[in-house]
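A quick write-up on the structure given underneath.
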Amino acid sequence: VPALCVRDLRKTYDNGVQALKGVSLDVAPGDFHALLGPNGAGKSTLIGIVSSLVNKSGGTVEVFGVDIDAERSAAMRLIGLVPQEFNFNMFEKPLDICVNYAGFYGLPRAQALARAEQVLKDAQLWDKADKMSRTLSGGMKRRLMIARAMMTQPKLLILDEPTAGVDIEIRRGMWKTLKEINAAGTTIILTTHYLEEAESLCRNLAIIDHGSIVEHGPMKSLLAKL
Ligand code: ADP
Ligand code: ADP
């Protein structure tokens with residue numbers, strides 16, 4: 001069963017913008033998959049729908065065979081989301097941010113503490129666990145959002161433009177973290193408008209433009225066409 005199965009997905013916003021015009025997409029378990037496209041193509045809308053933040057106008061979405069409408073909370077437990085904007089409390093410490101997030105999902109505190117140590121170490125943030133998040137660099141804040149999402153051991157990690165606006169050194173550090181997460185078995189989907197990012201990370205690629213998938217396949221065969 002695919003990690004993600006999207007069929008004929010449509011979204012028209014209240015202002016009449018057709019952000020998705022019948023998108024179908026399969027992502028295999030274990031894949032590292034990029035959604036590449038220019039600003040306004042529909043990438044954020046697509047992952048917003050998959051993670052139940054945006055209501056769809058039509059179509060179906062299954063996460064590891066679980067329909068997001070029929071079994072929404074079960075589907076959401078399989079997903080970790082890393083949004084584009086920082087959305088944690090800058091006046092909390094990374095350790096508390098991770099532990100509290102897991103608590104929200106019902107993980108007992110002792111387990112949450114052990115898990116937080118693991119994810120913060122994986123994200124090279126353990127030495128910052130007790131610092132005010134506000135004092136972290138931009139790259140560290142982004143890795144903190146990845147660490148937080150990994151608290152619930154999601155089978156599918158979805159990232160929206162994880163490295164938008166960050167410099168190449170910070171980007172490489174994030175790539176390393178993401179490659180390790182994928183190597184440990186988590187399926188990853190990320191949106192990006194950097195071809196270079198998709199190329200260095202992903203095995204498969206879908207190119208989205210004006211609300212439609214215009215290319216989809218293995219990175220290597222698509223690169224040969226571009
Ligand atoms: P991308 O992530 O590829 O930049 P988006 O999914 O954010 O694309 O946007 C797709 C289209 O939908 C764009 O034309 C955008 O302006 C529009 N859009 C996005 N969010 C909203 C919204 N909340 N209300 C109305 N239009 C929106
Ligand atoms: P550093 O101090 O490590 O350079 P910054 O906090 O200045 O990190 O941010 C790095 C980059 O991330 C900047 O280019 C900035 O524009 C971008 N950035 C900062 N905050 C956000 C945000 N909330 N959403 C998206 N990008 C952001």
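Both ligands and their constituent atoms are indexed starting at 1 by order of listing.
- Annotation: R7, atom CZ; neighbour count of heavy atoms from other residues, nucleotides and ligands within 6.0 Å is above 12.
- Between A19 and ligand 1, no pair of N/O atoms sits closer than 3.5 Å.
- Protein heavy atom in closest approach to atom 8 (O) of ligand 1: G42 N, 3.0 Å.
- Nearest to atom 25 (C) of ligand 1 among the protein's heavy atoms is N15 ND2, 3.1 Å.
- Residue L157 forms a side chain to side chain contact (heavy atoms under 4.5 Å, CB included) with just one option from I181, L190, I79, L81, and that option is I181.
- Closest to atom 5 (P) of ligand 1, if we only count protein heavy atoms, is T45 OG1, 3.7 Å.
- Numbered from 1 in the order shown, with element, the atoms of ligand 1 that lie under 4.0 Å from a heavy atom of N39 read 4 (O).
- Side-chain N or O atoms of K43 include one that pairs as donor or acceptor with a backbone N or O of P38 at under 3.5 Å.
- Scanning all protein heavy atoms for the shortest distance to atom 10 (C) of ligand 1 gives G40 O, 3.3 Å.
- Between E92 and N100 the shortest side-chain heavy-atom distance falls below 4.5 Å.
- Residue, atom and distance of the protein heavy atom nearest to atom 7 (O) of ligand 1 are S44 CB, 3.6 Å.
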Pair E196-R171, salt bridge (charged side-chain N to carboxylate O under 4.0 Å, His left out): steps then yes or no: CA-CA 11 Å; E196 181 207 2; R171 218 180 299 164; 3.5 Å; yes
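- For atom 17 (C) of ligand 1, the closest non-hydrogen atom on the protein side is V17 CG1, 3.8 Å.
- With a 6.0 Å radius and a threshold of 12 heavy atoms from other residues, nucleotides or ligands, N15 has its CG atom above the threshold.
- Each of the atoms 1 (P), 3 (O), 8 (O) of ligand 1 lies under 4.0 Å from some heavy atom of A41.
- Remark: R148 is positioned above the aromatic ring of Y101, its terminal NZ or CZ atom under 6.0 angstrom from the ring centre and at most 45 degrees off the axis.
- Protein heavy atoms all stay at least 4.0 Å away from atom 15 (C) of ligand 1.
- Around CG of N55, the count of heavy atoms belonging to other residues, nucleotides or ligands within 6.0 Å does not exceed 12.
- The nearest protein atom to atom 18 (N) of ligand 1, hydrogens excluded, is given as Y13 CE1, 3.4 Å; this is a heavy-atom distance.
- Within ligand 1, counting atoms from 1 as listed, the ones closer than 4.0 Å to a heavy atom of P38 are 3 (O).
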